[in-house]
Amino acid sequence: MGASHKPWWKRVHLRYSAANIGLPLFVLYYAPVIAFQEKTRVWTLIYAIITGFSVTAGYHRLWTHQSYKACLPLRMFFAAVGAGALQLPIRVWAADHRAHHRFTDTDRDPYNSKNGLWYSHIGWILTYDQSRFGKGGEGIDLSDLDRDAVVVWQRRAYYPLAGLMAFVLPACVAGWLWGDWAGGFLYAGCLRVVIVWHISYCINSLAHWAGHQPYSERNTSRNHALLAVLTLGEGYHNYHHAYPRDYRNGPRWCDFDPTKWWIYWLERVGLVWDVKRFRVGASQAKPMTHLQR
């Protein structure tokens, strides 16, 4: 019997459910007794943006879609700091996202929007089933990632690296610089992880539910400018589904896409190259095949 036909209590992924439910409850429990100092607030925001960029520019546009090539130090930075977002290793993240593009809005789409807003936002994680979606299933080519030494290293070192970057580093920065060890751990560590999680999850859910479809109506993906502000430019999701290998999600000069601006300047200084840019209406706007990027 397929996983989708099992009773809900047999489909719960205990580890992912414990993390996604337990961490917010942990923050709520300790927040009344640990002050959220102003310096810690600023550090929490800064580190949220840094880890967010490591997911949008690194996990997503660099590794999943191969939108550009990057030098080794930058790839190491994205892999290490991206682990601090606690969104699993690059290879697992990319496998799910390539499946999402290859099988959009079908039962093989890990965050299938046809299953409802709750499911596409977090339900798919709480009931995550690797046999259906994960780690290079049928039709999803991950050979490029298996040849990438940084991806291989991050996968092997993921859990200690994630613990260090998600919790230890933010606590140490706040503790060493202004003496707020507990606040650094609780807010720049735990609260930041929860915030970055749900902002990322909004791309899987809200970006297939609210907004408009100026580039393609072949699937439920949508553009939403406000969502782009929250997600460092990822909210132009309809364009992204039409041109998945473009390094930009917002192609117009007026589109708020800080991730594309960062990649642009990294290219100018020589840290990235082979940056993919497609013309709207070009033949590349078609469903992905082969490597599913």
Side-chain angles (χ1 to χ4, degrees), residues 13-60 73-90 92-93 121-122 125-126 128 153-154 157-206 226-235 256 258-259 261-262:
H13 192 293
L14 295 179
R15 182 156 48 93
Y16 296 171
S17 296
N20 278 269
I21 296 171
L23 196 58
L25 292 177
F26 179 83
V27 174
L28 288 173
Y29 182 82
Y30 283 102
V33 297
I34 297 178
F36 198 1
Q37 298 181 23
E38 184 172 353
K39 289 181 180 179
T40 305
R41 293 177 200 169
V42 174
W43 168 229
T44 299
L45 177 61
I46 290 172
Y47 198 47
I49 292 172
I50 293 172
T51 51
F53 269 128
S54 296
V55 173
T56 61
Y59 272 48
H60 187 207
L74 184 61
R75 286 160 50 220
M76 293 289 291
F77 175 84
F78 283 154
V81 180
L86 292 189
Q87 295 189 21
L88 299 179
I90 295 162
V92 179
W93 199 102
H121 186 78
I122 194 172
I125 298 172
L126 303 182
Y128 189 83
W153 163 76
Q154 195 232 30
Y158 178 75
Y159 288 102
L161 181 65
L164 175 68
M165 301 304 294
F167 304 115
V168 177
L169 177 64
C172 287
V173 169
W176 285 332
L177 295 184
W178 57 90
D180 189 16
W181 292 91
F185 175 78
L186 184 67
Y187 298 113
C190 302
L191 177 62
R192 173 200 52 83
V193 166
V194 174
I195 291 172
V196 173
W197 274 347
H198 285 278
I199 288 175
S200 298
Y201 298 168
C202 282
I203 297 301
N204 304 331
S205 57
L206 293 177
L226 178 58
L227 195 56
V229 174
L230 294 175
T231 60
L232 303 175
E234 300 284 86
F256 185 85
T259 302
W261 301 333
W262 193 17

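Since the structure is predicted, the reported quantities are computational estimates derived from the model, not experimental observations.
- Looking only at side-chain heavy atoms (C-beta outward), I125 and H13 stay at 4.5 Å or farther from each other.
- Of the inter-residue distances, the one linking I49 atom CD1 with T56 atom OG1 reads 11.0 Å to the nearest 0.5 angstrom.
- With contacts defined as side-chain heavy-atom distances shorter than 4.5 Å, the pair W93/V55 qualifies.
- Y128 has its side chain out of reach of R15: every pair of non-hydrogen atoms, C-beta onward, lies at least 4.5 Å apart.
- Between F167 and L86 the shortest side-chain heavy-atom distance falls below 4.5 Å.
- Of the possible donor and acceptor atoms, one in the side chain of Q154 sits under 3.5 Å from a partner among the backbone N and O of I90.
- Using the six-membered ring where Trp is involved, F36 and Y187 have ring planes that are parallel, under 30° apart on the 30 and 60° scheme.
- Here CD1 of I46 is found 11.5 Å from OG1 of T51. Values are rounded to the nearest 0.5 Å.
- A pairwise comparison of heavy atoms in A83 and A162 identifies O-CB, 3.6 Å as the closest pair.
- Ring centroids of W153 and Y158 are separated by 6.0 Å or more, keeping the two rings apart.
- The two residues A188 and Y47 make their nearest non-hydrogen contact at O-CD2, 3.9 Å.
- Interatomic distance, OH of Y159 versus CG of L88, reported as 6.0 Å (0.5 Å rounding).
- Relative orientation of the H198 and H121 rings is parallel, given thresholds of 30° and 60° on the angle between their planes.
- Closest approach of G84 to A166, counting heavy atoms only: O-CB, 3.5 Å.
- L230 places none of its side-chain heavy atoms less than 4.5 Å from the side chain of C202.
- Once rounded to the nearest 0.5 Å, the distance linking OG1 of T44 with CD of Q37 reads 10.5 Å.
- Using a 4.5 Å cut-off on side-chain heavy atoms (C-beta onward), C190 and F26 make contact.
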Criterion side chain to side chain contact (heavy atoms under 4.5 Å, CB included) on L232 and I199, from CA distance to verdict: CA-CA 10 Å; L232 303 175; I199 288 175; over 6 Å; no
Derivation of the side chain to side chain donor-acceptor pair (under 3.5 Å) call for E234 and T259: CA-CA 8 Å; E234 300 284 86; T259 302; 4.9 Å; no
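- Across every non-hydrogen atom of V196 and A85, the tightest pair is CG1-CB, 4.2 Å.
- Applying the 6.0 Å contact sphere to CH2 of W181 captures more than 12 heavy atoms from other residues, nucleotides or ligands.
- The neighbour count for Y30 OH, taken as heavy atoms of other residues, nucleotides or ligands under 6.0 Å away, does not exceed 12.
- Between V27 and L186, the shortest heavy-atom contact is CA-CD1, 3.8 Å.
- Minimum interatomic distance between T231 and L227 (heavy atoms only, all atoms of both residues): OG1-O, 2.7 Å.
- Between atom CZ of residue F77 and atom OG of residue S54 there is a gap of 4.5 Å, rounded to the nearest 0.5 Å.
- Considering CD1 of I122 and CG of N20, their distance stands at 4.5 Å, rounded to 0.5 Å.
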Step-by-step side chain to side chain contact (heavy atoms under 4.5 Å, CB included) determination, L161 to M165: CA-CA 6 Å; L161 181 65; M165 301 304 294; 4.0 Å; yes
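- Counted by atom type alone, W178 and T40 present one or more donor-acceptor pairs between their side chains at under 3.5 Å.
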Derivation of the side chain to side chain contact (heavy atoms under 4.5 Å, CB included) call for L23 and V193: CA-CA 9 Å; L23 196 58; V193 166; 3.7 Å; yes
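- Side-chain contact check for V173 versus P170: every heavy-atom pair is 4.5 Å or farther apart.
- At a threshold of 4.5 Å between non-hydrogen side-chain atoms, the residues L206 and Y201 do not count as touching.
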CA sep, side-chain torsions, deciding dist, call: F53, W262, side chain to side chain contact (heavy atoms under 4.5 Å, CB included): CA-CA 9 Å; F53 269 128; W262 193 17; 3.1 Å; yes
